[in-house]
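For reference, the structure discussed in these notes is given below.
Within every chain, numbering begins at 1; the chains are lettered A, B, ... in the order of the sequence lines, protein sequences first and strands thereafter.
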There are 2 protein chains.
Amino acid sequence: MKKKITLKQIARELDVSISTVSKALKNSKEISKDTTEKIQAFAKLYHYKPNNIALSLKNRRTRNIGVIIPDIVHHFFTTVFRGIEQYANTKGYNVIACVSDESFEKEVINMELLANGSIDGFIMALSAETQLKNDFHHLIEIIDQGMPLVLFDRVTDEVICDKVVINEVICDKVVINDFEASYMAVKKLIENGRKRIALITTESYLNVSEKRAQGYYKALEDHDLELDENLILRLPYQFEDETMSEAFFASNNLDAVLCVNEIFAVRAMRIAQNNGMKIPEDVAFIGFTDGILSKLANPALTSVAQHGERMGNIAAKMLIEKIERDDEIERDDEIETEEESFRTEVIKATLIERESTIN
Amino acid sequence: MKKKITLKQIARELDVSISTVSKALKNSKEISKDTTEKIQAFAKLYHYKPNNIALSLKNRRTRNIGVIIPDIVHHFFTTVFRGIEQYANTKGYNVIACVSDESFEKEVINMELLANGSIDGFIMALSAETQLKNDFHHLIEIIDQGMPLVLFDRVTDEVICDKVVINEVICDKVVINDFEASYMAVKKLIENGRKRIALITTESYLNVSEKRAQGYYKALEDHDLELDENLILRLPYQFEDETMSEAFFASNNLDAVLCVNEIFAVRAMRIAQNNGMKIPEDVAFIGFTDGILSKLANPALTSVAQHGERMGNIAAKMLIEKIERDDEIERDDEIETEEESFRTEVIKATLIERESTIN
DNA sequence: TATTAACACGAAACCGTTTTCGTTGTTGAC
DNA sequence: GTCAACAACGAAAACGGTTTCGTGTTAATA
């Protein structure tokens, strides 16, 4: 077992100084050709690689980015994660992953842990509990420390106070146009002749669910369909099948269902089928999150693609740009504080039509 | 924007030395009560937290563990990941995630990157390409450097040469009993009266698929069923639906199918159903990986649970134990080199019976 | 021949901690 | 009054690099 070799050891072995070794390995022209070759040969032989930790300390940059997501066994989040990882890797960054498990406390703890030097910036989606509590002090603190932060999907909303937008959490964001996507989906159903369109959603503190519900309301309204509260089913985020009663399908005479995620949709389809309904003849289904479930469901589910991978790419791009811009500013002696700007990138969702709506 | 405060700044501000601050914050009795209180109050006020990078450099321990998996948008791997993350967090470790994307090269690059000080140990599942090439020099190098390594699921096999076990990659491993699980699944089908049992698997370089195939062979043999090559379908890992021909189901008169993963199973079920076959009356299905697809398929899929979360827990436990044991040894002056021991932990898979086999 | 520039290298500071080993100043014992 | 013991603190090394700024040697120039 040979531990990794250091500059110091190379220096001692070749009887030169540490600085000489360091310079030689970077092909500095300060060092003679002979010495350089000798050192490089030796370094290669012993597989010398500079120690990342030492570099991080020196440069005050880790080339790590922290990603905090509510759940890892979750198609959409992993898709975003993949997008982040992909982009980050091409730029020479590593990803440190933490899972908040939908818990406020774990989110806070994880952030504090990572914020103490381990990473150069955060990309995260808020936990359900955080959204419920509406407590963002940990985010604000992070931002205050000058640590770049990008929120995606589950972001904080603008807080409007006396007609003034007071958005406490000022940072870059990446979202999809949930409202419009939902609106278009419902519009599509209406155009297909559906009249009794149900909505299956989560309890409403989840930001995205709420926006999707809003799109649903607006679409109904714009097409002169009455909003029937009986057609709206609000389920806990993690629910058991019994919660979704067959009665909902049997008694409501519904002919279409919009679900805020694909799991709800696939479960609902099963219950409807068991209830003797034909899909899409009797009832059409549209879900959100175009994941593997949508593709492999029977019938295949029409679904709103959220383009998670692209979202991840963009989030990573925004973060890394900010990190490297900060880097430059720090190097510049001229402290020309160009006003920081924060963007909210909106990705357009697209409806993938499959068997559950096409007849 | 206030950057994080350091010991040095506290020291300057309070007009004491850095060492005094450091000691005071750890309640060293070397420092007077007065000074200690003053320093702690100041530190608290400015939210002082020690810099992880500096600590890592000093302690030569990062409290990070590197996880390399072939794919992140993958139910089983994310389950394991969750298990790793869970356990690691309780022990104060963070997880750095890298995705090899089933590519040998990316696997090597990621490992080299992480191995230079960023982490204290690896947990990984081999990429498909790595298994195909049978090239493990990167693993051996890592082990040689004294970096703890735990393989899970996709592990290296023992290489047997002249009746001597030459397993080049000597490290801890966590696997499930693929052979037995497959055997039991087929046995169950046979006991249910199935006689023409098909196997849908991947191309055979994937270690686990091969073991599952072996279990299938053995079960047939032990129950005096002939092995019919026509009943075995080998598909590329990522395949299009067209590859899985309806002819396979139509012409083979089969009455049961064992699939090495749930995606294959769900797709196969669809094709069979489209072919007019009733599940489970005409044909029964069993898949591997008891994921969300199995639960939500229609009919629900009987599936071999691989207990990914437990696997992750155990892998993390094994790794962290090794890391901390190394730690102790390093601290010990007595260099009593107790022979290193490596374990292969086998997790027992369990068959979750659902509608696709029960009639 | 004296000056100087180029060359090749080393010393030391620095990143932010921890920790060992002094170094003071005070107190108590003899 | 001397000495040891102790309390309270600081200096410095170490972790593994990078980088600035010398410094000594040689060769070219005036």
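Electrostatic pairing of B/K133 and B/E107 does not count as a salt bridge here, judged by no charged N lying under 4.0 Å from a carboxylate O. A salt bridge is absent between B/E321 and B/K91; no separation between the charged side-chain nitrogens and carboxylate oxygens falls under 4.0 Å.
Taking each heavy atom of A/N94 and B/L114 in turn, the nearest pair found is ND2-CD2, 3.8 Å.
Stacking of B/K2 on the aromatic ring of B/Y46 is not recorded, the 6.0 Å distance cut-off and the 45° axial limit not both being met.
For the residue pair B/N116 and A/K4, a side-chain donor N or O sits within less than 3.5 Å of a side-chain acceptor on the partner.
Atoms CZ (A/R12) and P (C/dG10) sit 15 Å apart, rounded to a whole Å. Separating the CG atom of A/N52 from the P atom of D/dC15 is a distance of 18 Å, rounded to the nearest angstrom. Between B/I31 atom CD1 and D/dC6 atom P there is a gap of 18 Å when expressed in whole angstrom units. Taking atom CG on B/N27 and atom C1' on D/dC9, their separation rounds to 16 Å, with Å as the unit. Spacing between atom CD1 of B/I53 and atom P of D/dG17 amounts to 14 Å, rounded to whole angstrom units. Note: CZ (B/R61) to C1' (D/dA14) measures 17 Å, nearest angstrom.
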Report task. Mark up nucleotides 14-24 of chain C, 5' to 3', with B wherever a protein heavy atom is under 4.0 angstrom from a base atom, S wherever such an atom reaches only the sugar-phosphate, and - elsewhere. Result -> BBBBBBBB---
Requested in this report: Show the numbers, then the answer: is there a side-chain contact (heavy atoms from CB on, under 4.5 Å) between A/N313 and A/Q86?
Outcome: CA-CA 7 Å; A/N313 276 308; A/Q86 269 175 8; 4.1 Å; yes
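At the phosphate of C/dC9, OP1 or OP2 sits under 4.0 Å from a side-chain N or O atom of A/T35.
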